[in-house]
Amino acid sequence: MLQEKTIAIIKATVPVLEVHGEAITRRFYERLFEAHPELLNVFNINNQRQGRQQAALANAVYAAAVHIEKLDTIIPVVKQIGAKHRSLGVLPAHYPIVGEHLLGAMRDVLQENATDEIISAWAEAYGIIAQAFIDVEKELYEAAAEQPGGWEGLRSFRITRRIKESDVIDSFYLEPLDQKSIAAFQPGQYLTLQLKAPGVDYAQMRHYSLSDSPNKSYYRISVKREDERDTTPGGLISRYIHSLSVGDTVEVAAPAGEFIIPENTQPLTLLSGGVGMTPFMSYMNTAADQASERHIVWIHAALNGDVHAFAEESEQLAERLTHLTKRVVYERPTDRDERDKQFDAKGYITADVLREAGFHPEGLFFICGPEPFMRAMYHLLTKLGVKQENITFEFFGPASSIEAQ
Ligand code: HEM
């Protein structure tokens, strides 16, 4: 347990650290990767370059520190972050390294303001927070390894089928090289792949939603190719996956993730933009396998028919799911789309589109797609009186618009 004096120092310094958050975070990553370049294999270089999520780690340490006396209250958040850590292969031995460089960065940035007393208070607090994560992650590693077909760390999978779903999205069917069973998952969860793309100095971990129902002999992921104008490592890695063929192998961590639709009878509205439809494909395939009679409104937004993935599979799902209302909105349909009439509305998802589809404002809402899409949908729903606690969303990077999807 921390002494009262230590707690007082922590609480008094959190706001100071937050003010200097950006500088400390930047210095932290500089120090971390200088001393441990091998960790570049674990962290997402794209996020580093774009500054996205870069602050998440340090901010979470500060947020946890505020609750240092009652860490129990933040265990649900620790579990959520721990699930991501587990999929990335974060181990107990990594925690002292991160701690050393976070404290070192505080010293570098705050200079004489970071007194020995302050630093040792933070060292103690970090130790307690890190232990909470290590304990939660130990359970998650054990659970992943113990469930039937589960495994710890990475497992080799072979690509056994590859299907073109649109001009930019392909599905990859993955089966384990050891030919043993594979763990079940919940629709909405993702697989983490470790990929070593040519032109990128380090292996990179990337998460891809599972797009088919569980309990099959394979996993299916559906990956969007970021096109040539995108030279970020994110683009390089998606293009690398698109260069793989049937027979190639990839290293995969067991399914993880919290974007899970609860199994009950509440009406659902699913809003997807571009490749954001993948977790919903998994959910609807599962619902169809179970002959579910749940009321579902699914509205999908795409630029046009060329980049509209799973159009045929979606039609089949609409036939199998008797209570599914499916609508497709094309931002800028092509002449061919106009002729084939494969869309229900032109432009964006609006209140009228939602109303016409018969959405239930009191039901549950799940949104998945690029950030601007999710922001727009979130505002639209809250304006329509949907309660915030009924809206769940999953960010799908790195595109900054649904334009290219
Ligand atoms: C992601 C917190 C320790 C590696 C994250 C996220 C948070 C976080 C909040 C974002 C989660 C999300 O995107 O859903 C923490 C805290 C730590 C800690 C509070 C210490 C108490 C570590 C350690 C490692 C690590 C020891 C391993 C060296 C990562 C990686 C990501 C991540 C690789 C993914 C983000 C990216 O690649 O940019 N962490 N973390 N974390 N964490 Fe940690």
Side-chain angles (χ1 to χ4, degrees), residues 10 14 17-18 21 24-26 28-68 71 74-106 122-138 140-141 153-154 188-190 192-195 200 202-209 232-234 237 253 256-260 368 371 374 392-398:
I10 296 293
V14 164
L17 295 177
E18 282 170 345
I24 295 175
T25 303
R26 207 177 320 114
F28 161 66
Y29 283 110
E30 259 170 33
R31 291 184 58 126
L32 184 71
F33 296 141
E34 205 175 286
H36 291 275
E38 77 282 2
L39 287 180
L40 284 163
N41 292 312
V42 184
F43 283 84
N44 179 330
I45 350 178
N46 218 25
N47 288 347
Q48 300 299 317
R49 292 203 185 152
Q50 296 181 358
R52 180 194 302 151
Q53 220 192 24
Q54 216 178 11
L57 195 161
N59 285 343
V61 173
Y62 309 149
V66 174
H67 296 89
I68 195 80
L71 275 188
I74 59 157
I75 286 298
V77 184
V78 177
K79 282 195 173 146
Q80 202 179 324
I81 302 166
K84 188 145 269 175
H85 282 161
R86 199 276 293 150
S87 73
L88 292 161
V90 172
L91 297 171
H94 290 129
Y95 280 86
I97 299 174
V98 161
E100 179 193 336
H101 293 291
L102 195 57
L103 293 171
M106 285 181 193
W122 272 97
E124 232 184 299
Y126 176 82
I128 291 174
I129 296 165
Q131 197 55 50
F133 275 83
I134 291 169
D135 293 345
V136 160
E137 284 157 24
K138 182 169 181 281
L140 292 170
Y141 275 111
L154 297 169
Q189 290 195 303
Y190 54 80
T192 304
L193 271 62
Q194 188 193 53
L195 300 153
V200 181
Y202 297 93
Q204 286 283 283
M205 310 291 282
R206 286 292 183 277
H207 313 287
Y208 297 102
S209 288
T232 63
I237 282 157
E258 306 290 320
F259 186 63
I260 292 164
C368 189
E371 211 170 341
M374 292 201 301
T392 309
F393 43 88
E394 175 97 321
F395 170 67
F396 256 61

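Throughout, residue positions are numbered sequentially from 1 according to the sequence presented. All values below were derived from every heavy atom in this structure, side-chain atoms included, with hydrogens, water molecules and symmetry-related copies excluded. Both counts, for ligands and for their atoms, begin at 1 and track the order of listing.
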How does Phe133 reach ligand 1, if at all, at less than 4.0 Å between non-hydrogen atoms: by side chain, backbone, both, or neither?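 The side chain, only.
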Could you tell me whether Val98 approaches ligand 1 through its side chain, its backbone, both or neither, with non-hydrogen atoms closer than 4.0 Å?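 Only the side chain of Val98 comes within reach of ligand 1.
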Nearest neighbour of atom 39 (N) of ligand 1 from the list Glu38, His85, His36, on a heavy-atom basis: His85
In Å, rounded to the nearest 0.5 Å, how long is the span from CZ of Phe133 to CD1 of Ile129? 8.0 Å
When rounded to the nearest 0.5 angstrom, what is the spacing between CE in Met205 and CG in Leu195?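 Between atom CE of Met205 and atom CG of Leu195 there are 8.5 Å.
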Per-atom contacts of ligand 1 with [X], taking only distances under 4.0 Å to non-hydrogen atoms:
X	value
Asn44	36 (C), 37 (O), 38 (O)
Val42	33 (C)
Leu88	30 (C), 31 (C), 33 (C), 34 (C)
Val61	19 (C)

Polar side-chain atom of Gln80 near backbone of Ile75 as donor-acceptor pair, under 3.5 Å: no
Is there a side-chain contact between Tyr202 and Leu39 (heavy atoms, below 4.5 Å)? no
If you measure every N/O of His94 against every N/O of ligand 1, is any gap under 3.5 Å? no
Start with the C-alpha distance between Glu137 and Leu91, add both sets of side-chain angles, then the distance that settles side-chain contact (heavy atoms from CB on, under 4.5 Å), and finish with yes or no. CA-CA 8 Å; Glu137 284 157 24; Leu91 297 171; over 6 Å; no
Heavy atoms of other groups near Glu38 CD, more than 12 under 6.0 Å: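 More than 12 within 6.0 Å, yes.
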